[in-house]
S.K.: 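The structure follows.
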Amino acid sequence: MIAPLVSVNGNYFLELFHGPTLAFKDMALSILPHLLKTAAKKNGIDKKIVILTATSGDTGKAALEGFSNVEGTEIIVFFPENGVSAVQKAQMVTSEGDNTHVIGVNGNFDDTQTQVKAIFSDTALADDLYQKGFILSSANSINIGRLVPQIVYYFYAYTQMVRMGAISAGSELNFTVPTGNFGNILAGFYAKTMGLPIGKLICASNENKVLYDFFKTGLYDKNREFILTTSPSMDILISSNLERLLYHVSNSSTKDLMARLSQQGDFIFNTDEILKTFSGEFASEQEGAHSIKEMFKNGYTMDTHTAVAYAAYKKYAQTTGDTRKNVIVSTASPFKFTESVCSSIGSSLAGQDPFKLLEVLSRMSSLPIPKQLVDINLKERRHKIVCNQDQMKQQVLDALA
Ligand SMILES: *Cc1c(COP(=O)(O)O)cnc(C)c1O
């Protein structure tokens, strides 16, 4: 099954992590290369397409998997050297394919993403690359081709809920989405706009709760400490796709807001319209870990990102009294985050080698180790470069030389 909807103790989990890289990003990134090739053909583009991507851990591998050896493309992935899990890193640096380039960056995800955006807006570089036969494109969710495929599973989840008898057709259903760059949850907003009876979209943050604070106060303020959490794919302070939502609800240009964000690091926006559909919640590291343990006792093993959503949903339900049914969007396999999951469920072996922990987790959860991760630590580490932020542009040129 591609996206099973699992019911555990009155909770519903939409599992989006059964693709090639075990994260929900596969849902869109396994289709994106085909969309891109078709678009390039239709537009008569004869240049090589260079996919340039910053990753907080999961996008990178999903994009590498999608674009590996795709004719007419090169793919360059930058990841924060110390900001991803051991399994995520191993997945990326062992990537095969003649057109793949994976580079660690000394910095956090925001630094990495900001540099990649700067490279995209460097027109002199774009001209130079064009002369050499390349054009740049993105596999990040700033590419609309990432968002469109994600709309589908909101409809699918809804129909599954009806089929299971959990809701009746036409009644409202809530979704709780573990959020970083706001791409997944924005697809839910598009689904609602298209007519799907969605009640609330609950935006779950980890301790980097810039979105939670924004929904509460109308002040978006990235001037704060960047916290490395056990849900690294949500460690984001500049949430790229929020701009799209601001544009949709205000129907006016977001240029000034975004200029203010890049210069001062903050902006103020009236959130009344947004709050009709969205609600912000967050979970601390402790609350996330506690949730993993609680659900584990109920026979269900969650990853750290899904756990943030679960904990945030519990807080939402308690504070609002909203009794509408809710689907928790489950974004990664627990096997991608063995260290954190094992320590949450109280394994005495939690401090061990993260790859050994694959077996430990498999035994404790009675789940098989996903075949993509079997022997991953024995695979050749083909990609070894680590660079500073100011060297990223040069790395792009070197990769294409
Ligand atoms: C990317 C990712 C998220 C955050 O999704 P956004 O679309 O960036 O909000 C959450 N969980 C996991 C496991 C992810 O890989």
Side-chain angles (χ1 to χ4, degrees), residues 13-29 32 53-65 77 79-80 83-85 87-89 91-92 109-110 112-113 138-151 153-154 175-191 201-206 208-212 214 229-245 278 280-283 288 292 302-312 328-338 340-341 370:
F13 296 90
L14 176 65
E15 294 187 348
L16 300 178
F17 54 79
H18 297 284
T21 76
L22 309 170
F24 91 96
K25 300 201 168 65
D26 288 323
M27 300 304 261
L29 281 164
L32 187 68
T53 286
T55 183
S56 55
D58 290 326
T59 299
K61 182 59 188 178
L64 287 159
E65 198 62 31
V77 169
F79 71 93
V84 301
S85 82
V87 172
Q88 285 178 312
K89 188 165 169 176
Q91 282 184 300
M92 285 191 281
F109 174 69
D110 280 335
T112 309
Q113 174 159 263
S138 173
N140 283 111
S141 48
I142 53 176
N143 187 331
I144 193 72
R146 271 285 299 283
L147 299 180
V148 173
Q150 294 174 176
I151 297 170
Y153 52 71
Y154 286 92
F175 285 89
T176 303
V177 187
T179 296
N181 246 340
F182 212 74
N184 196 351
I185 198 167
L186 189 68
F189 175 75
Y190 290 149
L201 288 165
I202 298 139
C203 174
S205 299
N206 66 19
N208 294 294
K209 58 183 183 57
V210 65
L211 288 167
Y212 168 82
F214 171 64
T229 73
T230 52
S231 43
S233 300
M234 298 160 69
D235 288 346
I236 291 174
L237 294 178
I238 307 167
S239 188
S240 289
N241 288 292
L242 181 66
E243 181 183 358
R244 286 195 163 107
L245 180 67
F278 290 86
E281 259 306 341
F282 80 101
I292 291 176
M302 295 189 294
D303 96 289
T304 47
H305 303 74
T306 307
V308 166
Y310 175 86
I328 291 160
V329 177
S330 306
T331 48
S333 159
F335 287 95
K336 288 192 98 163
F337 304 95
T338 49
S340 308
V341 173

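Counting starts at 1 for both ligands and their atoms, following the listed order.
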S.K.: Give the minimum heavy-atom separation between Ser205 and Lys209, together with the two atoms involved.
M.R.: CB-CA, 3.9 Å
S.K.: Check ligand 1 for close polar pairs with the protein: N or O on both sides, less than 3.5 Å.
M.R.:
from, atom 1, to, atom 2, distance (Å)
ligand 1, 7 (O), Gly183, N, 3.1
ligand 1, 7 (O), Asn184, N, 2.9
ligand 1, 8 (O), Asn181, N, 2.8
ligand 1, 9 (O), Gly180, N, 2.8
ligand 1, 9 (O), Asn181, N, 3.2
ligand 1, 9 (O), Phe182, N, 2.9
ligand 1, 11 (N), Thr331, OG1, 2.8
ligand 1, 15 (O), Lys25, NZ, 2.5
ligand 1, 15 (O), Asp58, OD2, 2.5

S.K.: Kindly write out the residues that satisfy ring-ring contact (aromatic ring centres under 6.0 Å, His included) with Tyr310, not counting sequence neighbours, or none if the list is empty.
M.R.: none
S.K.: Checking Ser333 now: which residues fulfil side chain to side chain contact (heavy atoms under 4.5 Å, CB included) with it, not counting sequence neighbours?
M.R.: Phe17, Leu22, Phe335, Pro370
S.K.: Check the pair Phe337, His305 against side chain to side chain contact (heavy atoms under 4.5 Å, CB included), reporting the backbone distance first and the verdict last.
M.R.: CA-CA 9 Å; Phe337 304 95; His305 303 74; 3.1 Å; yes
S.K.: Checking Asp110 now: which residues fulfil side chain to side chain contact (heavy atoms under 4.5 Å, CB included) with it, not counting sequence neighbours?
M.R.: Asn108, Phe226, Ile236, Leu237, Ile238
S.K.: Is there a donor in the side chain of Asn206 and an acceptor in the side chain of Asp235, or the other way round, less than 3.5 Å apart?
M.R.: yes
